[in-house]
Number of protein chains: 2
Amino acid sequence: MDTNSQNLKLEDHFCFSLYACSRAILRLYRPYLDELQLTYPQYLVLVTLWEKPQRTIKELGEILNLDTGTLTPLLKRMEAAGLIERRRDTVDERVMNIHITQAGQLLQEKASCVPQSLFDATGMSKKELDEINETIMRLLHQLNGEGKK
Amino acid sequence: MDTNSQNLKLEDHFCFSLYACSRAILRLYRPYLDELQLTYPQYLVLVTLWEKPQRTIKELGEILNLDTGTLTPLLKRMEAAGLIERRRDTVDERVMNIHITQAGQLLQEKASCVPQSLFDATGMSKKELDEINETIMRLLHQLNGEGKK
DNA sequence: TAAAAAAGAATTTTGTGCAATTTAATTGTT
DNA sequence: AACAATTAAATTGCACAAAATTCTTTTTTA
């Protein structure tokens with residue numbers, strides 16, 4: 001019947017499950033992030049700045065795997081919203097330093113329930129999710145490593 | 001030290017690993033899909049049409065979890081590229097039927113090496129990837145189920 | 001059977017992603 | 001010092017992605 005058996009069905013493409021799952025999770029985040037007036041990548045930027053309140057655009061790009069074409073306008077919107085400040089480095093003026101503001105710091109408290117809410121929505125155990133996370137992280141590093149060769 | 005211990009670091013957000021991994025895989029696909037003059041979601045549309053050569057936009061949206069705001073312009077570009085045809089259903093004129101063309105069929109052969117190439121790039125065993133796929137699919141169904149409640 | 005409700009697409013708007021190009025600043029080399 | 005190479009951002013252009021709105025067609029129902 002099937003003359004070309006090497007062609008996989010959709011559900012056999014593991015890339016599709018990742019792609020669809022990633023978007024499904026963004027949909028779950030949306031109501032929480034809407035309340036904070038944030039988009040998902042903006043939230044990720046804040047997560048990194050809550051850990052360390054000043055970073056360069058280059059650092060953010062490496063951490064989040066995003067390039068300047070994405071980050072520059074995104075950070076400008078965040079600055080307009082008062083969550084961060086963009087300041088040229090005085091020593092090396094090519095570098096743009098991103099600082100979190102008081103308002104950005106305050107959001108940490110309001111956002112603290114988000115991870116728990118998301119966890120609940122998955123309907124999975126902590127152990128199971130940790131295992132998924134560990135596996136996907138391993139795959140991610142593998143893929144990023146391959147790409148740089 | 002940390003006054004707010006419920007705030008997770010970036011690598012503890014399992015959503016981030018999925019988000020980043022999904023984009024990393026798209027980057028791996030790009031060179032292969034560039035050769036076929038396809039984007040990733042366009043490739044997915046073709047995969048579904050290779051399985052079954054005619055579907056409605058509604059069906060495609062349900063299978064791929066994409067809405068018409070994404071699909072309508074995407075399918076118009078694919079029609080302009082000669083890969084599909086869009087025809088109103090004669091019985092129910094609200095319905096738009098998507099047919100694969102001869103040119104779209106021919107791409108199946110040219111694309112048949114893509115899954116294997118991607119598999120190689122992951123550096124993981126078939127068994128391991130099948131397990132990831134199974135787990136992520138389960139998570140996806142869980143998330144989609146939750147969303148509909 | 002006419003009005004209301006529902007269904008399927010299309011459109012509009014906003015915000016990513018990413019490749020490719022450009023600009024400005026710094027470093028390295030004669 | 002002069003010039004090439006490198007680095008960090010910004011810009012440009014195209015293609016998603018998703019919510020909200022509108023439009024058309026079909027179905028339901030009073």
Side-chain angles (χ1 to χ4, degrees), chain A residues 16 19-45 55-81 83 86-98 144 147, chain B residues 16 19-31 33-45 55-62 64-81 83 86-98 144 147:
Chain A
F16 172 69
Y19 169 75
C21 204
S22 175
R23 285 183 299 111
I25 288 178
L26 295 195
R27 275 196 290 277
L28 283 184
Y29 265 100
R30 201 172 306 278
Y32 301 102
L33 296 183
D34 277 354
E35 205 147 332
L36 305 174
Q37 309 242 52
L38 290 174
T39 65
Y40 181 68
Q42 289 174 10
Y43 170 71
L44 292 181
V45 167
R55 295 190 189 270
T56 67
I57 289 186
K58 181 177 155 64
E59 279 181 283
L60 289 173
E62 284 166 355
I63 295 169
L64 303 175
N65 287 294
L66 291 170
D67 78 1
T68 59
T70 302
L71 283 174
T72 296
L74 183 154
L75 293 169
K76 283 182 176 174
R77 280 188 287 271
M78 290 182 76
E79 185 177 45
L83 301 173
R86 302 159 72 252
R87 294 191 217 125
R88 284 278 167 198
D89 192 295
T90 49
V91 176
D92 184 342
E93 293 208 359
R94 291 171 305 179
V95 174
M96 182 71 86
N97 288 309
I98 306 298
N144 281 340
Chain B
F16 173 70
Y19 168 76
C21 204
S22 174
R23 285 184 298 113
I25 288 179
L26 294 194
R27 276 194 291 276
L28 281 186
Y29 265 100
R30 202 172 308 277
L33 296 184
D34 277 355
E35 205 147 333
L36 305 174
Q37 310 241 52
L38 290 174
T39 64
Y40 182 68
Q42 289 175 12
Y43 170 72
L44 292 181
V45 167
R55 295 190 189 271
T56 67
I57 290 186
K58 181 178 156 62
E59 278 181 283
L60 289 173
E62 283 167 355
L64 302 175
N65 287 295
L66 291 170
D67 76 3
T68 60
T70 301
L71 283 174
T72 296
L74 182 154
L75 293 170
K76 283 182 177 175
R77 281 188 289 271
M78 290 181 77
E79 185 177 45
L83 301 172
R86 302 160 71 251
R87 295 192 215 122
R88 286 275 167 202
D89 192 295
T90 49
V91 177
D92 184 341
E93 294 209 358
R94 291 171 305 180
V95 174
M96 183 71 85
N97 288 307
I98 307 298
N144 280 340

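- For B:Gly69 and A:Asn97, each mapped to the nucleotide of DNA chain D holding its nearest heavy atom, the one lying further toward the 5' end belongs to A:Asn97.
- If you measure from atom CG of A:Leu71 to atom P of C:dC18, you get 10 Å, rounded to the nearest angstrom.
- Within the 3.5 Å criterion, the main-chain N or O of B:Glu93 finds a donor-acceptor partner in the side chain of B:Arg88.
- Rounding to whole angstrom units, CG of residue B:Leu75 and P of C:dA10 are separated by 8 Å.
- In terms of phosphate contacts, B:Lys76 brings a side-chain nitrogen or oxygen within less than 4.0 Å of OP1 or OP2 of C:dT11.
- Residues A:Arg23 and B:Leu66 have side chains in contact (heavy-atom distance under 4.5 Å, counting atoms from C-beta outward).
- Residue A:Thr70 places no side-chain N or O under 4.0 Å from the OP1 or OP2 atom of C:dG17.
- Atom CD of A:Glu62 is separated from atom P of C:dC18 by 15 Å (rounded to the nearest Å).
- Side chain A:Thr68 to base D:dA10: a donor-acceptor pair is found below 3.5 Å.
- At the phosphate of D:dC16, OP1 or OP2 sits under 4.0 Å from a side-chain N or O atom of B:Arg77.
- A:Leu60 has its CG atom 14 Å from the P atom of C:dG17, to the nearest Å.
- Across the protein-nucleic acid pair, B:Asn65 atom CG and D:dC16 atom P stand 17 Å apart, rounded to whole Å.
- Among D:dT25, C:dG17, C:dA9, the nucleotide with an atom closest to any side-chain atom of B:Thr56 is C:dA9.
- Neither OP1 nor OP2 of C:dG17 sits under 4.0 Å from any side-chain N or O of B:Tyr40.
- Taking the side chain of A:Arg88 as heavy atoms from C-beta on, and the options C:dT16, C:dA9, D:dA9, the nearest nucleotide is D:dA9.
- At the phosphate of D:dC23, neither OP1 nor OP2 sits under 4.0 Å from any side-chain N or O atom of B:Arg94.
- Within 4.0 Å (heavy atoms only), B:Leu66 reaches sugar-phosphate atoms of the nucleic acid but no base atom.
- Distance alone, capped at 3.5 Å, places no donor-acceptor pair between the B:Arg86 side chain and the B:Leu75 backbone.
- Two residues, A:Leu26 and A:Asp92, neighbour DNA chain C, and the one matched to the more 5' nucleotide by heavy-atom proximity is A:Leu26.
- Across all strands, B:Leu74 comes closer than 4.0 Å only to sugar-phosphate atoms, never to a base (heavy-atom distances).
- Taking every side-chain heavy atom of A:Thr72 into account, D:dA9 is the closest of C:dT11, D:dA9, C:dA25.
- Nucleic acid contact class of B:Thr39 (heavy atoms, under 4.0 Å, all strands): sugar-phosphate only.
- Checked against D:dA18, D:dA9, D:dT25, the side chain of B:Glu93 finds its nearest nucleotide in D:dT25.
- Following rounding to the nearest Å, B:Lys58 (NZ) and C:dA9 (C1') show an atom-to-atom distance of 12 Å.
- Residue order along DNA chain D, read from the 5' end via each residue's closest nucleotide, puts A:Glu59 first among A:Glu59 and B:Pro41.
- Summarising the geometry, the separation between CG on A:Leu33 and C1' on C:dT16 is reported as 14 Å, rounded to the nearest angstrom.
- Neither OP1 nor OP2 of C:dT16 sits under 4.0 Å from any side-chain N or O of A:Arg30.
- Note on B:Arg86: a side-chain N or O is less than 4.0 Å away from OP1 or OP2 of C:dA10.
- Residue-level contact check: A:Asp67 touches the bases, meaning some heavy atom is under 4.0 Å from a base atom.
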